[in-house]
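Just so we're on the same page: letters track the sequence lines, and every chain starts at 1. Model, not experiment: these values are computed from the prediction.
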Amino acid sequence: MSILLLHEVTVSFDGFRALNSLSLDIAVGELRCIIGPNGAGKTTMMDVITGKTRADRGKVMFDQTIDVRRMTEADIAHLGIGRKFQKPTIFENLTVFENLELAMKMDKRARVSMFAWLDDSERDRVSDTLKQIRLDHQAERQAGLLSHGQKQWLEIGMLLIQDPRLLLLDEPVAGMTDDETARTGELFKSLAGKHSLVVVEHDMAFIEQLGGKVTVLHEGSVLAEGDLATVQNDARVIEVYLGR
Amino acid sequence: MRHIFVTILVALSSFAHAAVDTRLLTQLAAEDSDEKIIAIQKIAQSAEPDAKSILQSLADGNLNDPDGQPITINNRVRREIDGALAVLKLFDPSAVVRLNSVKEISTNVDASMAPMLRKAIAQESDVKVKALLVEVYALATLKDPDKDIRLAAVTALATSADPNNKSVLFEMSKPENEAETAVRMAAFRSYLQVKQRQTVVENVGRVFSGLSLASILLLAAMGLAITYGVMGVINMAHGELLMIGAYATFGVQSIFRTFFPAQLDWYVPVAIPVAFLAAAAVGVVLERTVIRWLYGRPLETLLATWGLSLILIQAARLIFGAQNVELANPSWMTGGVEVMPGIVLPLNRIFIIGFSLFVLTLVWVLMNKTRLGMFVRAVTQNRGMAGCVGVPTARIDTVAFALGAGIAGLGGVALSQIANVGPDMGQGYIVDSFMVVVLGGVGQLAGAVWAALGLGVATKFIEAGAGAVVAKILVLVFIIIFIQKRPQGLFALKGRFVES
Amino acid sequence: MRRPFIVRFFSATPKAGWQALAIFTTFALLVVPLLHLAVPETSVFHVSSYAITLIGKIMCFAIVGVAMDLIWGYAGILSLGHGLFFALGGYAFGMYLMRQIGRDGSYQSDLPDFMVFLDWKQLPWYWTGSDSIWWAAVLVLTVPALVALVFGFFAFRSRIKGVYFSIITQAMTFAAMLYFFRNETGFGGNNGFTDFKRIAGYSITSPEMRVTLFALSAAMLMATLVLCRYVVSSKFGRVLMAIRDAESRVMFLGYNPLHYKLAAWTLSAFLCGIAGALYVPQVGIINPGEMSPANSIEIAIWVAVGGRATLVGPVIGAFIVNLSKSFFTQAFPEYWLFFLGALFVGVTLWLPQGVVGLWSQWREKRANALAIAPADAAVEPGAAK
Ligand SMILES: Nc1ncnc2c1ncn2[C@@H]1O[C@H](COP(=O)(O)OP(=O)(O)O)[C@@H](O)[C@H]1O
Ligand SMILES: [Mg+2]
């Protein structure tokens with residue numbers, strides 16, 4: 001059963017095809033890695049799924065029945081698609097705690113927020129997440145003051161507390177130490193099954209650690225798909241990506 | 001005595017092939033003024049070559065009656081002579097005199113002139129005069145008893161450019177004024193044609209004033225397009241740079257007044273570089289002292305440059321006084337050219353249109369054909385990258401800002417020729433020129449051109465229908481709605497916008 | 001263990017805030033009125049009617065400043081059109097004031113003078129009910145907010161942001177100004193409304209009325225502060241700040257920024273409208289000049305001078321700028337614009353956090369000097385983009 005299905009999606013910018021008839025099928029609970037050279041269209045693909053960029057052609061189906069192409073970013077997020085950006089984007093002027101509070105799964109309408117108040121169970125959830133991302137001693141710190149790796153973790157934490165069914169992670173371990181990277185890998189593996197994950201990454205060791213199915217993107221379409229070993233031995237892949 | 005009188009007649013008639021009927025001359029000497037008037041009319045209508053000199057001598061008191069006494073005339077008769085002389089000018093050898101004569105007559109035609117006009121038409125060689133004569137003849141024969149002549153008259157008037165004829169024809173198409181259905185129908189058809197032509201004339205006029213407004217907007221907005229496009233600097237003091245250009249023009253004029261009064265006409269060409277440099281110099285100062293420190297913070301830039309504009313306005317007030325200063329158009333820019341009957345295009349506005357095209361070309365060449373322009377575009381597109389490949393971005397910022405400011409100064413020269421020059425003059429243009437930039441798309445020269453054109457012409461057309469204030473409001477409302485659809489501006493939509 | 005809303009509402013303002021408000025209340029509602037009404041004019045303690053009106057006026061400006069801060073400081077939306085909402089509130093109440101003139105106008109007609117002057121025979125339909133103070137209150141509370149709601153809906157829906165939004169709001173107030181300048185609009189054209197006589201039958205120039213308006217303005221300012229404190233410390237306020245710092249992130253978390261911005265924007269306009277209604281009877285005139293772009297942009301400088309994204313900042317800023325204004329326009333009228341211009345430039349260049357920021361920087365420095373251990377560098381909150 002697929003959680004996300006992309007069917008022949010095409011996106012052009014001023015005639016340049018960033019995505020060229022891209023098709024992709026992510027199963028429920030799957031952990032999928034996406035690799036590809038710079039400019040292959042990985043980020044653009046996430047933009048299309050989350051509503052930031054509109055597809056010119058093709059279908060984007062979530063949970064088999066929901067076509068997300070006409071929905072707003074907020075509505076897509078409500079469906080249960082969470083996203084971590086390539087460049088960490090957190091709310092620098094809010095505290096770590098507040099960042100998580102805003103991300104937490106709850107009624108997000110304006111008139112509700114006006115009167116919203118965290119109850120004890122919600123506070124507990126924030127604390128749990130804080131522990132999970134090892135920022136429990138930084139809860140009241142301004143997020144802007146965190147280190148780069150901590151910001152990455154905070155963003156992952158925001159994704160977790162959002163409790164999405166599908167997580168899109170754009171280069172989540174860029175700028176992390178080896179230790180942090182390994183921990184992140186463990187976390188993702190533990191998430192798979194309950195959630196579906198799509199991880200874009202360049203770090204081959206990390207992908208090996210994750211161990212899921214790998215899709216290679218090139219010039220906006222799928223070049224190869226399979227487990228890491230198969231893909232790494234594919235002649236075309238070696239030529240466009242690994243060979244260089 | 002009778003002998004002398006006859007001698008005169010012989011002398012007069014000897015100039016010409018044909019001559020005025022002598023009986024009429026005798027009648028001129030009649031006691032009764034009415035008799036004299038009839039004679040004068042007849043002489044004029046005869047349009048004989050010597051008619052003019054006879055009437056002229058009569059007016060001057062040089063014509064004697066058969067008894068040798070000068071023929072006396074009263075004021076009523078004198079008026080009649082003047083009218084008759086005007087009519088006779090229709091036969092003057094000079095086409096210019098004839099043209100003026102027809103124009104004079106056309107304001108006051110009556111049926112009695114018809115024969116004389118017919119004669120004039122037959123003799124007329126000048127196309128323009130002839131066309132006008134035909135029109136006036138038609139007016140003279142509108143009430144002719146012969147329905148065919150009336151029909152010909154209303155038909156002939158269809159090509160008239162004179163707005164008055166519209167109502168004349170309309171009246172003719174009413175049953176109470178014209179019994180004949182065919183004539184009425186022809187009159188109405190002609191009425192529609194005249195009306196249509198008039199609409200065309202009016203629209204041409206509006207397009208022209210729209211163009212000249214567009215030129216002003218363009219001059220004001222072009223600099224803004226550069227400064228905002230290159231640096232993302234919203235410069236609220238841009239209007240004040242226009243003001244500086246205008247005051248620079250005023251300064252140059254004052255120097256000419258004092259030192260070279262004979263060459264006063266040529267102060268504008270001198271003012272152009274002066275205004276450019278003055279505004280550019282102020283631009284450099286603003287950029288170096290304030291704007292430079294605010295790159296990447298557009299809202300702060302907006303506020304700071306607003307503050308600068310207040311300072312510049314007040315400085316102008318202290319230096320030049322709060323009142324508007326006097327600037328005169330050079331003589332070669334005064335007056336206008338008539339391109340069509342009823343449309344006079346003022347020369348100063350033509351100058352401004354030409355001037356803005358000149359500046360536009362200049363800017364285009366500068367931005368697209370020079371190294372500086374290449375650097376500027378490089379910085380626009382990717383500041384960081386441009387810096388990496390060795391473009392001196394800080395210097396480019398200053399130069400580009402100075403360029404934008406200088407172009408605003410040029411706009412000031414143009415403005416000084418058609419609008420009041422005073423400390424507050426820039427304020428009125430800031431909203432408009434921002435609208436042009438917003439509408440045209442940031443940093444897009446072509447977008448700015450189309451937006452300025454569209455706004456200028458649209459404003460003039462709405463103004464004609466709804467008045468200036470409503471036009472302004474409607475245009476602003478339109479822009480607000482437009483931005484809804486196209487937050488990134490007009491440019492990408494160029495084709496579609498032009499069509500709609 | 002949920003605390004009731006009312007408790008949460010009032011506990012949003014911290015204790016020190018309540019203490020300050022209490023002191024302020026004592027002064028505004030008790031001390032100043034007494035000093036004006038009861039102390040003889042010859043005494044040094046007498047508060048002149050000039051001072052009462054000036055401070056009352058500035059308190060109205062302070063309300064506008066706080067309202068502006070709500071959207072600029074917290075949501076990062078710089079409006080250059082807030083003067084419109086202020087003026088609309090003023091006009092809405094001004095209609096009532098015009099009707100209260102009754103037959104005491106120059107033409108001694110039931111119609112306002114300007115209508116007689118225009119040879120109008122009856123009130124236009126939109127003046128219906130304008131003789132009732134309640135209807136006036138309804139207009140004050142709804143018209144500016146509605147205009148803001150409609151405008152904001154279209155602007156935010158199409159995601160107009162940053163400088164574009166600022167320029168469009170400027171165009172909005174400019175267009176409104178032109179519209180109100182017209183005589184046919186029915187709001188007194190150029191001259192606007194003036195020559196007011198009464199409110200609810202009481203003379204508008206009496207000391208008691210002056211003090212009442214003063215006290216009302218003070219009360220409204222306090223209410224505004226408490227309300228806005230609640231708003232910015234609620235989750236709603238945190239979402240606003242998040243929108244200011246990274247709008248697209250907020251969207252991907254499932255919030256619709258349109259609703260948040262629109263609510264803050266409308267609330268802000270609503271507060272401005274009330275401030276305008278309190279302002280007009282104190283200064284005795286409202287005309288389209290209030291809608292001029294220059295007026296609106298000046299509001300931003302009050303906020304910037306005081307300090308963005310703090311609520312006392314705009315109040316302090318409104319007082320600093322407007323007291324300076326009344327000083328300059330009396331002592332050196334020709335230098336006021338230089339001063340104001342320099343303020344715009346200076347604050348943006350050297351004082352991005354405003355006076356309040358300066359104060360907290362100073363306190364932090366002192367704290368750092370006292371504590372041996374180096375603390376983290378001062379945080380730069382809320383540099384809006
Ligand atoms: N908004 C945009 N406008 C124009 N081109 C874009 C835009 N977004 C992405 N691109 C282009 O699309 C291509 C794919 O980009 P991206 O998806 O970011 O690649 P990746 O993430 O795989 O490195 C790149 O060539 C990029 O320049
Ligand atoms: Mg990418």
Among [options], which residue has the highest count of heavy-atom pairs closer than 4.5 Å to chain C?
| options | result |
| --- | --- |
| N99(A), I81(A), L102(A), T89(A) | L102(A) |
| P164(A), A110(A), A103(A), G144(A) | A110(A) |
| E101(A), H78(A), R83(A), M158(A) | E101(A) |

*Taking atom NZ of K189(A) as the centre, report whether more than 12 heavy atoms of other residues, nucleotides or ligands fall under 6.0 Å from it.*
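Yes - once you tally the heavy atoms of other residues, nucleotides and ligands closer than 6.0 Å, there are more than 12.
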
_Check: F252(C) ring centre within less than 6.0 Å of F85(A) ring centre_ = yes

*Rounded to the nearest 0.5 Å, what separation is found between the CG atom of L100(A) and the CG atom of L154(A)?*
5.5 Å

*Judged by atom type as modelled, is there a donor-acceptor pair below 3.5 Å linking the side chain of R111(A) to the main-chain atoms of H259(C)?*
no

*Residue part contacting chain A, namely of F9(C), when any heavy atom lies under 4.5 Å*: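 No part of F9(C) comes within 4.5 Å of chain A.
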
